[in-house]
*Asks:* 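Before I ask anything, here is the structure I am working with.
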Amino acid sequence: MNRNSVAAGVSPPGIPGAWSVSRSISNRGLPMRAVARVETGSLTPTLSRRERESRATLRNTPKPQPSELWRPVPANAQLDPPKPAAHVLLLPPGEGRDEGRPLDSSHPGSWSASRTSTLFTFLLLFILAALIAPAANAAKIGELTDNSIRDQALRFLTLRDPAVRYALAGSMLLGISCGLLGAFLVVRRLALVGDALSHAVLPGVAAGFLWSQTKDPLAIFIGAVIAGLLGTIVVEGIKQTTRLKEDAALGLVLAGFYAVGICLVTMIQRLPTGAKSGIDKFLFGQAAAIGPRDLQLMAVVAVLAISTVLVFYKELLVASFDAAFARSIGYPVRIIHYALMLLLAFSVVSALQAVGVVLVSAMLITPAAAAYLLTDRMHRMLLYAAVIGLVSGAMGCFLSFLGSNLPTGPLMVLSGSALFTAAFLFAPRHGLVTRWWNQRSNAGRVRRENTLKTVYRILEDRQFHGEGVSLRELAQRRRETIEDASRQARDLVRHGFATFHAADPCVLLTPVGRQRAIELVRNHRLWELYLTHAAHIPADHVHEDAERIEHVLGEDVVRELERRLNYADTDPHGRPIPTPNAVLAAGPVEATRRPPAGYGR
Amino acid sequence: MTAPPPTPPTATPETPPPLEIHDLTVAYHRRPVLWGVDLAVPAGKLVGIIGPNGAGKSTLIKACMGVTPIAGGWVRIFGAPLSRAHRRVGYVPQRESVDWDFPVSVMDVVLMGRYGKIGLFRRPSRADRDIARACLDKVGMLPYANRQIANLSGGQQQRVFLARALAQESDLYFMDEPFAGVDAATEAAIVTLLHELRDRGCTILVVHHDLPTARNYFDMLLLLNLRRVAFGPTDEVFTYELLQKTYGGRLTILSEVADAVRQHGGSIP
Amino acid sequence: MNLADLIPPFDIRSVLIDPWTTDFPEKGWILLMGFLTSVACGWVGQHLLLRRMALMGDAISHSILPGLATAFLVASFLFGQRTDSSHAARDSSVMLVGAIGAGWITTLLIGMLHRRSRIKQDAAIGIVFATLFAIGVVLITLFADHVDLDADCVLYGEIGFVPFQPTLTAFGIPLGPVPVTRMAVVTLLTVLATLLFYKELVISSFDAGLATSLGIHAPTVHLLLMGWLSVVVVSAFESVGAILVIAMLIVPGATASLVAARLPTLFTLIVVHSAISTVVGLHLALWLDCSIAGAMVVAGCCLFTIAWAAHVLLRARDQRHLSADIPPSSASEESTSTALT
């Protein structure tokens, strides 16, 4: 009760109200022995080193040789995907190129359980170390008047203050458990179930408070979990027994339970003891109000979440991916679903104190969604979601400590959203900026290769007399201005395809450039020939198609085309199809700079 | 909701058939979709399940697999109730039934076929991986083992599901429209694989909706339209009269009755 | 603290009679406000339910907050600090602009997340509204001097203060407290718009493709609907808060759709539902001495529960009938009846 009354008390002037609790606790002389063990500064390096090590081990484990995996499938098995050239070739640019690397960095059997669990264990140990720290005796807490941002940051980072340690450890723990379980919500398209669940716990919080007559974390925890589970059961019930769709069921539960909760909360606040209970803190959350018992609860929940995910990974995975199949192999899908909901309720409730009812769903969804953008494998997604949750928890806690009187929940959510935005824009494969950049560089490559081809065509038209192609010729052929032509010529030079004579402005192909140009022209003409011969498309229809395809043809496809076309040497328009060997005979390729694309890759 | 089914007769002395269905009834909401179906499939047969849309073909399979609750009757698999025969049954659900954006690789999906045999608290062993790899190789998808499943064509996705079923190493397979939306090459490949499995003594039930090919693909046919219309060797069953009975007039009558049943007293929709 | 303190004794006079007699001038406004809010929300919410987008209401009601905060902030910098409360019209327009802006931004952001990445719609909604709401809370806390909003008010509103708001007069005739007048206008427009554009709305909800082929641009209808949703939500905001408004959007329509199947009946039933839940809610709140808006929603949810229970019971009865009606077949009578119960 003492702490609670402090929590609602007026903060001394000059001290941010949000952290008044922290200070009062430190005044009361709460313990700090092993402060040195929980330097935040060491957190990130430790983690990342672990991660690097585990990745390194991953890489070192023997894996089947690529050749073994790529071995041609025996001809007798009719099931082998017959790779019909046309089928592959008609893929739009970009997709076909992906074929080349089905075996990228990771091990074929990708759930390397032991490594990931090691990682989790270390993460957990680290947080437990942070938990043990407060169990010690109080040293002198620094002056309470430091309120410049720098001093505040220092106070936070040195973790001198036990309340800071509680808040930080709590925020990190809740980040982990929410991120981990939220990942299952996101992949199962149940994100808004998390939302409904988190609003539905409010009446439970109020009931727990009424039952225990104080802000006893355990009573509130039990009440809230029961309310949350009841909420998910009602959602299922509405969906199964009425025509109402999932969105309506979720909205009904969310708002209905919340309304009951609001009524109870306003009734409690009317009570003599209720007014200073700080129960309204459950709406927006205040990490500073995390006490030792809250922290124990959070630790238990986090350990439970992590161990459940580790132990029942395969059950959770298959039930999430393909519930019908899971049921067909005898898994109790319904039990798994409700077990997941129970765990979710646990983590939502343990996060309430710090994030608040309204925003806790974001801690479930945002880190998991960010992780979803970063990777294509469930186990990695779980790991990333936990780490992102942890980081956003810690960041939110830190920001709320810096600013005056800001509730923790919104700041944690904003930290998570910032990380999500970063993932949305810059994720290696799914990021918006990344994709835009790839498209751009792809477009640049296509433009460059077209220039190269033009140079070749000009040379071909003069039967390869003279090496230089003047900018004017280039510009005329491409129907462009001299400036554009010279810009493209410079681009060729920059990529090692050509050299440029400034005195008599003309372009000279390097051997590399010459070879690439021949490849392109050959691809173009082969494809035209293939379309007219095999697909019986009129000769005047094939040029446009070939213009697109020539940039993406791979070596094996070209071989296949040649074979099917009986190594023909003229295209439908009567022009010769050049062969790369001729060039190789003409002069050795300088290996200084390989062209960035082509079938030699 | 489900009353205990009538006690099945005690097992006959000879080896029980892979699949025995007695008086199976299934209802969705209030509309019956399968009424009193009886079936006993002999071992080592490739059976096609044929019938018009909404005839309960998929429902039959789902009910046998315990995916859909059974409202009446019973299903025995190798003489045992399904709960004791999970390990001997493989299942290929419809391709649309899963989210292909799910963050798993082809290998992960095929490994799921082993999950039924692994048991609680344990992870796939190296042996399981080898089996999964062999199955992938068999459907020609090994080069794609580490792809995320969204980056596959429809036919390739179906092959992955097939590989998962193979990895289950079952004696009885249920396949729900494995030919839907796949290219001709994959279709031919799947048929070859099915024949291969059948020759090894497996029993396979396949939901199929293309009449012309059904005749060539399957040893036996089950004509289904809410009730069992006919079941027997393809040559005997694939007749004009029986097909007419399956697809023709009876369809309208039965569905009218079903609708009438649904609407009975239905002031509430 | 005693649990008995929590539930006050039931005093018939103060709970049931006074609000209709001595207190009526005050409680009448509350009732009217509750009723108008519920009808407007219920009608708009019914369109959302038809489009299976009930949770867009959730998203927009949350993201209104930063819109309001920004609008008030900008207004206070542009026009200076508000000195008296005579600027009702200006306040209303500021609110509307902020709300519509926030609503459209939310809709567009969700669409962008959903289309430009593999994030599914549900996760996109969850992320967007939580982020915007968090921004709103931070803005309110940081600029408490400039923004006339209170975080608690945002969460459960205060319909009880409605009668004490300044009265709006037009042409010398006192119309009523500002929020009630505003809500009345919004409700009227909602009803009119639904009646006028009934077929466009229904067609584009039911089948966007058909709507496009008939020359109705479904995305535009969607954006307009979302904009109007923002207007309704923001008018209701002050009295019921951001989260209870979701209940007002969904509960009436959901209850009605358990009882009736045809759209015109649904819209009528929503009005009935609104009236009952408002009156019952007010009495409940007076008895329990709790948040009035909360109690109104609880009353609405009770109506839903009753309708749901009736629905389930009737269905069970139908099934008993059904089992007797199954035509005799090769299946034994007994197993068929177990089948369908």
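Every chain is numbered from 1, with letters handed out A, B, ... down the list of sequences.
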*Asks:* If you count heavy-atom pairs under 4.5 Å with chain A, which of C/L113, C/V312, C/D122 comes out on top?
*Replies:* C/D122
*Asks:* Any side-chain donor paired with an acceptor under 3.5 Å for A/S415 and A/S392?
*Replies:* no
*Asks:* Answer with side chain, backbone, both or neither: which region of A/Y372 has an atom nearer than 4.5 Å to a non-hydrogen atom of chain C?
*Replies:* both
*Asks:* Between C/C302, C/C301, C/S291, C/G294, which has the largest tally of heavy atom pairs under 4.5 Å with chain A?
*Replies:* C/S291
*Asks:* Look at A/A362, A/A369, A/G194 and state which one has the largest set of heavy-atom pairs under 4.5 Å with chain C.
*Replies:* A/A369
*Asks:* Based on non-hydrogen pairs under 4.5 Å, which of A/G256, A/C263, A/A196 is most in contact with chain C?
*Replies:* A/C263
*Asks:* A/T242 and C/W308: side-chain donor and acceptor closer than 3.5 Å?
*Replies:* no
*Asks:* Out of A/I262, A/V193, A/V260, A/L250, which one racks up the most heavy-atom pairs below 4.5 Å with chain C?
*Replies:* A/I262
*Asks:* Specify which of C/I119, C/V138, C/V251, C/I135 makes the most heavy-atom pairs with chain A at under 4.5 Å.
*Replies:* C/I119
*Asks:* Does any heavy atom of chain C fall under 4.5 Å from the side chain of A/L252, the backbone, both, or neither of them?
*Replies:* both
*Asks:* Salt-bridge test for C/R51 and A/D247: reply yes if a basic N is under 4.0 Å from a carboxylate O, no otherwise.
*Replies:* no
*Asks:* Considering only heavy atoms from C-beta outward, does the side chain of A/I388 approach that of A/L374 to under 4.5 Å?
*Replies:* yes
*Asks:* Are the aromatic rings of C/F304 and C/H311 close, with centres under 6.0 Å apart?
*Replies:* no
*Asks:* Identify the heavy atoms of A/A206 and A/L264 that sit nearest to each other, and give their distance.
*Replies:* CB-CB, 3.6 Å
*Asks:* Is a side-chain N or O of A/S361 found less than 3.5 angstrom from the main chain of A/S198, in a donor-acceptor match?
*Replies:* no
*Asks:* Among A/D195, A/V357, A/T366, single out the residue with the greatest number of heavy-atom pairs under 4.5 Å to chain C.
*Replies:* A/D195
*Asks:* Identify which of C/R116, C/R52, C/M53, C/R118 forms the greatest number of heavy-atom pairs closer than 4.5 Å to chain A.
*Replies:* C/R118
*Asks:* Any idea which of C/V245, C/L48, C/T305, C/D58 has the most non-hydrogen atom pairs under 4.5 angstrom with chain A?
*Replies:* C/D58
*Asks:* Classify the ring geometry between C/F133 and C/H62 as parallel (under 30°), tilted (30 to 60°) or perpendicular (over 60°).
*Replies:* perpendicular
*Asks:* Tell me, out of A/L432, A/L190, A/L414, who's got the most heavy-atom pairs with chain C below 4.5 Å.
*Replies:* A/L414
*Asks:* Per the side chain to side chain contact (heavy atoms under 4.5 Å, CB included) rule, which among C/L288, C/D289, C/L284, C/L282 passes with C/L286?
*Replies:* C/L282
*Asks:* Side chain from CB out, backbone as N, CA, C, O: work out which of these in A/L364 comes under 4.5 Å of a heavy atom of chain C, or both, or neither.
*Replies:* neither
